[in-house]
Amino acid sequence: MKKSTYKNQSKILCSRWLSGLRLIAFLLASTITSAQAKISLEKAIELAKSNNIDLKIADKEIEKQTLLKKTAFQPDPLQVQYQGGQFNSVDFDHNVSVQQFFPLGNVTKANRQLQEELAKLAEKRKALSSYELEKAVTLAYYQYLYGISIQKLNSELNEIYTKFLKNAELRFKTGESGNIEVISAKAKVKEIETQKEQLNYDLAIYQRQLQFFVQTNESIIPDETTSLKYSFIDNKDSKAETLLTDFYQQQISVYQKEAGTFKANRTPKLGLGYFAQTINTESLFQGFTAGLQIPIFGGVNTAKAKAIEISMSQSQLAFDKNKIILNLQKEELQNNFQKQQKNLDYYQNEGLQYANQIIDTAQKSYANGDMSYWSYISFLNQAIDIKKQLAEATHSFNQSAIELQFPTIKNN
């Protein structure tokens with residue numbers, strides 16, 4: 001008797017201890033959830049674009065190329081020369097000369113135009129990075145909302161099977177059914193509770209993915225009041241195609257200006273100088289010099305200019321190729337989007353209604369004793385499967401819609 005009493009007391013203590021742990025875990029989870037800031041998709045994208053390190057690096061590149069405009073005027077280094085010795089007579093004389101060569105023609109203008117185009121190219125690269133970031137944030141945002149929808153479905157299933165368990169226990173007490181119904185219901189409820197824990201882990205992963213792209217120390221989550229279905233905007237003017245065109249046109253423009261600098265470097269340079277010297281140790285005798293640096297062997301710059309023209313042709317071919325790829329990709333994405341749209345329309349307009357009707361009818365029939373346990377379970381599983389398919393269909397639609405909204409841009 002003492003052993004039995006001791007065991008019962010131990011079970012009671014363990015049960016209370018586990019209940020206490022569950023309460024603490026619940027309070028901690030509630031605290032963490034309340035500390036998370038709920039933001040809209042627009043706000044998440046705005047934060048990502050202001051916080052993202054890659055975009056900050058792109059801003060620095062634009063700043064650097066803009067600053068380099070000041071290097072357009074590129075005179076040669078100042079030449080300072082000293083000469084001492086018997087170059088006039090037996091006396092030891094001194095000569096100091098200074099000379100500076102300046103570029104002529106359009107060299108400075110060509111260099112300035114090249115730097116301006118390089119700064120614009122840096123801006124186009126940033127625009128591409130910003131586009132990809134917006135896509136990544138949108139995908140992560142709706143991935144989290146998908147996790148929330150699965151979590152809500154799990155809670156709904158838990159409520160259904162908890163009610164089913166109560167009915168099964170009541171039928172077992174009254175002798176209307178066997179213990180197998182109670183055992184099966186308990187197993188299902190336990191399975192749903194286990195899935196709930198796994199879903200919490202999934203949501204934590206989805207939240208971290210979103211925070212990774214937004215790159216903030218603040219714990220943020222999507223606003224759960226946001227519609228689970230992504231609002232697709234069918235723009236005739238593709239943003240992706242515009243970005244692709246702008247980037248390659250700018251790249252070609254850079255090559256054009258770079259070729260212009262090589263052509264401009266074929267022009268002579270003007271040199272101006274000053275000298276002061278002694279003659280027979282008497283000073284000071286002064287004078288000025290002027291001269292030209294003529295690039296006799298100008299074939300180097302000519303060859304470089306022709307090589308840049310080849311790069312221009314390569315860039316144009318790459319643009320034509322990637323434009324074809326983008327159009328084919330858009331056609332494929334459009335077909336997949338329409339497919340997912342039709343699938344989702346069915347589950348939203350008909351499937352969900354069928355599922356709710358099946359659950360309501362089956363619960364009432366089973367509670368009234370008009371339906372066998374196995375029939376009830378069969379109908380219940382069918383309805384639950386429909387609801388799962390709705391969640392999956394919505395998730396698949398969102399992914400296809402976002403991919404169509406933001407098709408991948410290749411710029412290599």
Side-chain angles (χ1 to χ4, degrees), residues 42 44-69 71-72 109-140 213-215 232-263 304-334 337 401-412:
E42 292 74 17
I45 293 173
E46 180 185 341
L47 282 174
K49 289 184 177 180
S50 63
N51 296 337
N52 188 267
I53 294 176
D54 290 334
L55 292 187
K56 290 181 180 180
I57 293 173
D59 284 331
K60 289 297 181 183
E61 180 65 22
I62 296 171
E63 183 182 348
K64 180 181 75 175
Q65 295 298 338
T66 302
L67 184 63
L68 286 174
K69 290 180 183 179
T71 66
K109 180 180 179 182
N111 288 334
R112 183 181 295 109
Q113 289 177 340
L114 174 59
Q115 283 306 138
E116 289 174 350
E117 297 306 316
L118 284 171
K120 292 178 182 178
L121 182 61
E123 292 175 354
K124 302 303 180 184
R125 290 188 188 278
K126 181 189 175 182
L128 288 173
S129 297
S130 179
Y131 170 86
E132 293 296 338
L133 178 62
E134 185 175 350
K135 175 182 180 180
V137 170
T138 305
L139 285 170
F213 292 116
V214 176
Q215 292 186 357
F232 174 73
I233 302 174
D234 189 7
N235 291 326
K236 293 182 179 180
D237 297 329
S238 172
K239 183 178 181 179
E241 187 171 345
T242 300
L243 289 172
L244 182 69
T245 302
D246 288 349
F247 173 79
Y248 276 104
Q249 285 182 345
Q250 188 58 41
Q251 191 177 69
I252 291 171
S253 182
V254 168
Y255 286 141
Q256 288 174 336
K257 300 305 180 184
E258 190 173 0
T261 61
F262 288 126
K263 293 176 181 178
K304 288 182 178 180
K306 289 182 178 179
I308 291 297
E309 290 174 358
I310 294 174
S311 296
M312 290 170 52
S313 299
Q314 289 176 320
S315 186
Q316 182 62 51
L317 290 171
F319 169 62
D320 295 339
K321 169 192 168 185
N322 289 324
K323 189 174 181 180
I324 292 172
I325 292 175
L326 179 62
N327 290 332
L328 291 174
Q329 180 191 178
K330 286 168 60 178
E331 289 179 9
E332 182 179 347
L333 291 173
Q334 182 67 44
F337 171 77
I402 295 170
E403 288 291 344
L404 182 56
Q405 194 86 66
F406 300 94
T408 302
I409 301 175
K410 295 185 180 294
N411 60 336
N412 51 21

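Along the sequence shown, residues carry numbers from 1.
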With no hydrogens and no angle check, is any side-chain donor or acceptor of [X] less than 3.5 Å from a backbone partner on [Y]?
X	Y	answer
T138	E134	yes
T245	E241	yes
K304	F262	no
N322	A318	yes
Q405	I233	yes

Carboxylate-amine/guanidinium proximity below 4.0 Å for [X] and [Y]:
X	Y	answer
E123	K126	no
K263	E309	yes
K120	E117	yes

Hey, does L121 have a side-chain heavy atom less than 4.5 Å from the side chain of F247? yes

Locate the shortest heavy-atom distance separating L244 from K410; write the atom from each residue and the value. CD1-O, 3.3 Å

Under the salt bridge (charged side-chain N to carboxylate O under 4.0 Å, His left out) rule, what do E61 and K64 come out as? Steps first, then yes or no, please. CA-CA 5 Å; E61 180 65 22; K64 180 181 75 175; 3.1 Å; yes

Under 3.5 Å, is there a donor-acceptor pair linking the side chains of E331 and N327? no

Roughly how far, to the nearest 0.5 Å, is CZ of F213 from CG of D54? 10.5 Å

Atom [atom1] of [X] with >12 non-hydrogen neighbours under 6.0 angstrom:
X	atom1	value
K49	NZ	yes
Q334	CD	yes
I53	CD1	no

